[in-house]
Amino acid sequence: MTTTNLSLTPRDVARELARRYSTMTHDELDMLESILVPMKFAKGEKILNEGEVCKHIFWIVKGLVRQYYFKNKKELTEYMATENMICMSIESLFREQPSTQMIQALEPTVLYAIPMHDLEAVSMKSVNIQMLYRKILEESLIISQQRADMLRFESALDRYQKLVKSSPQLVLRAPLVYIASYLQMTPETLSRVRTAVLMNS
């Protein structure tokens, strides 16, 4: 990982976060901008290692990342994110405990890290930044609930079609083995589902 200057400035990112989550004054944008940390990761590089405490919320500027863990010596993909998406190990972040999950760049990736403690500090000074903080957490919880419901109630075909509709870039760019793992199906089942979708399109 390297801290680097990106084509998207901290001000650009602050404005985009405000646009998505909460209206802000110029002073509030200044506060948010001041805590953003630009980072760059090579393909395959770990953004968060197992056993590390997650201390940041990550905003993806460019690239593709996956969040995963090991179970019975197998890698299981929990989440994937592309441009303009948030990524974090939420339990580690809030409990300040070592993470059981890892976050890895699947492509050359640039992002802005939002340090949790700094975000909490500026939230104490601004109702609108408090709102941004809350909305980010709400979004993360809703995504987790939607995935849990998808896995419980939907067929393999429905799961794949929903992913194609909601996150077409993930389907185009992520390795099939990770898509299959994320959808909790075997690569063979995913191949059959993809064939069925193509035949019916």
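Just so we're clear, the structure is a prediction, and the values are computed from it rather than from any experiment. Quick note: residue numbers are just sequence positions, from 1.
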Are Glu154 and Arg159 within salt-bridge range, i.e. N to O under 4.0 Å?
no

Using salt bridge (Lys or Arg N to Asp or Glu O under 4.0 Å), reason through Glu107 and Lys43 one step at a time and then give a plain yes or no.
CA-CA 4 Å; Glu107 297 175 352; Lys43 180 179 179 179; over 6 Å; no

For the residue pair Trp59 and Tyr21, categorise the inter-ring angle as parallel (less than 30°), tilted (30 to 60°) or perpendicular (more than 60°).
perpendicular

Are Phe94 and Leu119 connected, step by step, through hydrophobic side chains (Ile, Leu, Val, Met, Phe, Trp, Tyr) whose heavy atoms are closer than 4.5 Å?
yes

Nearest 0.5 Å, please: how far is CE in Met85 from CD in Glu139?
8.0 Å

Validation row: Gln161, Lys165 side chains within 4.5 angstrom (heavy atoms)
no

Is there a side chain to side chain contact (heavy atoms under 4.5 Å, CB included) between Val164 and Val197? Walk through the geometry before answering.
CA-CA 10 Å; Val164 169; Val197 169; 5.9 Å; no

Minimum side-chain heavy-atom gap Leu76-Tyr68 below 4.5 Å
no

Would you say the side chain of Val171 lies within less than 4.5 Å of the side chain of Tyr160, judging by non-hydrogen atoms?
yes

Non-hydrogen side-chain atoms of Leu176 and Arg194 separated by less than 4.5 Å
yes

Close side-chain approach of Met80 and Tyr182, heavy atoms under 4.5 Å
yes

From the options Gln146, Arg152, Arg147, select the one residue that forms a side-chain hydrogen bond (donor to acceptor under 3.5 Å, both in side chains) with Asp149.
Arg152

Taking C-beta and beyond as the side chain, do Met31 and Ile129 meet within less than 4.5 Å on heavy atoms?
yes

How far apart are the closest heavy atoms of Gly51 and Pro98, and which atoms are they?
O-CB, 3.3 Å

Cluster check Met185, Ile179: I/L/V/M/F/W/Y, side chain < 4.5 angstrom
yes

Side-chain ion pair, Arg66 and Glu75, N-O less than 4.0 Å:
yes

After noting the C-alpha distance and the side-chain angles of Met88 and His56, does the key distance pass the side chain to side chain contact (heavy atoms under 4.5 Å, CB included) rule?
CA-CA 7 Å; Met88 68 186 113; His56 303 86; over 6 Å; no

Verify the cluster assignment for Ile47 and Met39: are they in a single hydrophobic cluster under the rule of side-chain heavy atoms below 4.5 Å apart?
yes

Which heavy-atom pair separates Ala105 from Val65 by the least distance, and what is that distance?
CA-CG1, 4.2 Å

Check this for me, if you would: do Glu78 and Lys71 make a salt bridge, where the nitrogen-to-carboxylate-oxygen distance has to be below 4.0 angstrom?
no

Would you mind reporting whether Val193 and Thr189 have side-chain heavy atoms less than 4.5 Å apart?
yes

Is there a path of hydrophobic side-chain contacts, each under 4.5 Å between heavy atoms of I/L/V/M/F/W/Y residues, joining Leu32 to Leu8?
yes

Please report the closest heavy-atom contact between Glu83 and Val61, naming both atoms and the distance.
CG-O, 3.2 Å

Considering non-hydrogen atoms only, spot the tightest contact between Leu29 and Ala14 and give its length.
CD2-O, 3.6 Å

Is a side-chain donor or acceptor of Ser191 paired with a backbone partner of Pro187 at a separation under 3.5 angstrom?
no

Check against side chain to side chain contact (heavy atoms under 4.5 Å, CB included), Ser99 and Leu48
CA-CA 8 Å; Ser99 176; Leu48 179 73; 3.8 Å; yes

Look up atom OG in Ser167 and atom NZ in Lys162, then write down how far apart they are to the nearest 0.5 Å.
11.5 Å

Hey, is Arg192 close enough to Glu188 for a salt bridge, meaning N to O under 4.0 Å?
no

Quick one: CE on Met131 to CE on Met24, what's the gap to the nearest 0.5 Å?
10.5 Å

Which heavy atom of Ile86 sits nearest a heavy atom of Tyr79, and at what distance?
O-OH, 2.8 Å

Check this for me, if you would: do Glu96 and Lys55 make a salt bridge, where the nitrogen-to-carboxylate-oxygen distance has to be below 4.0 angstrom?
no

Linking I/L/V/M/F/W/Y whenever any side-chain heavy atoms sit under 4.5 Å apart, do Val122 and Leu137 land together?
yes

Between atom CG of Leu170 and atom OG1 of Thr82, what is the distance when rounded to the nearest 0.5 Å?
5.0 Å

Measure from the side-chain N and O atoms of Ser92 to the backbone N and O of Ser89, and report whether any donor-acceptor pair falls under 3.5 Å.
no

With distance as the sole test, does Gln101 use its side chain to make a donor-acceptor pair with the main-chain N or O of Tyr69 at under 3.5 Å?
no

What is the distance from atom OG of Ser123 to atom CE of Met116, rounded to the nearest 0.5 Å?
8.5 Å

Might you point out which heavy atoms bring Leu36 and Pro10 nearest each other, and give the distance in Å?
CD1-O, 3.4 Å

Are the side chain of Asp118 and the backbone N or O of Ile35 linked by a donor-acceptor pair below 3.5 Å?
no

Passes side-chain hydrogen bond (donor to acceptor under 3.5 Å, both in side chains), Ser126 versus Glu28? Steps please.
CA-CA 7 Å; Ser126 162; Glu28 288 167 332; 2.9 Å; yes

Expected output: side-chain Gln104 to main-chain Gln67 donor-acceptor under 3.5 Å
no

Run Arg20 and Asn84 through side chain to side chain contact (heavy atoms under 4.5 Å, CB included) and show every step you take.
CA-CA 10 Å; Arg20 289 173 66 98; Asn84 301 320; 4.1 Å; yes

Which distance, rounded to the nearest 0.5 Å, do you find between the CD1 of Ile90 and the CD1 of Ile57?
8.0 Å

Within a strict 4.5 Å, meaning less than it, do heavy atoms of the Leu17 and Ile114 side chains meet?
yes

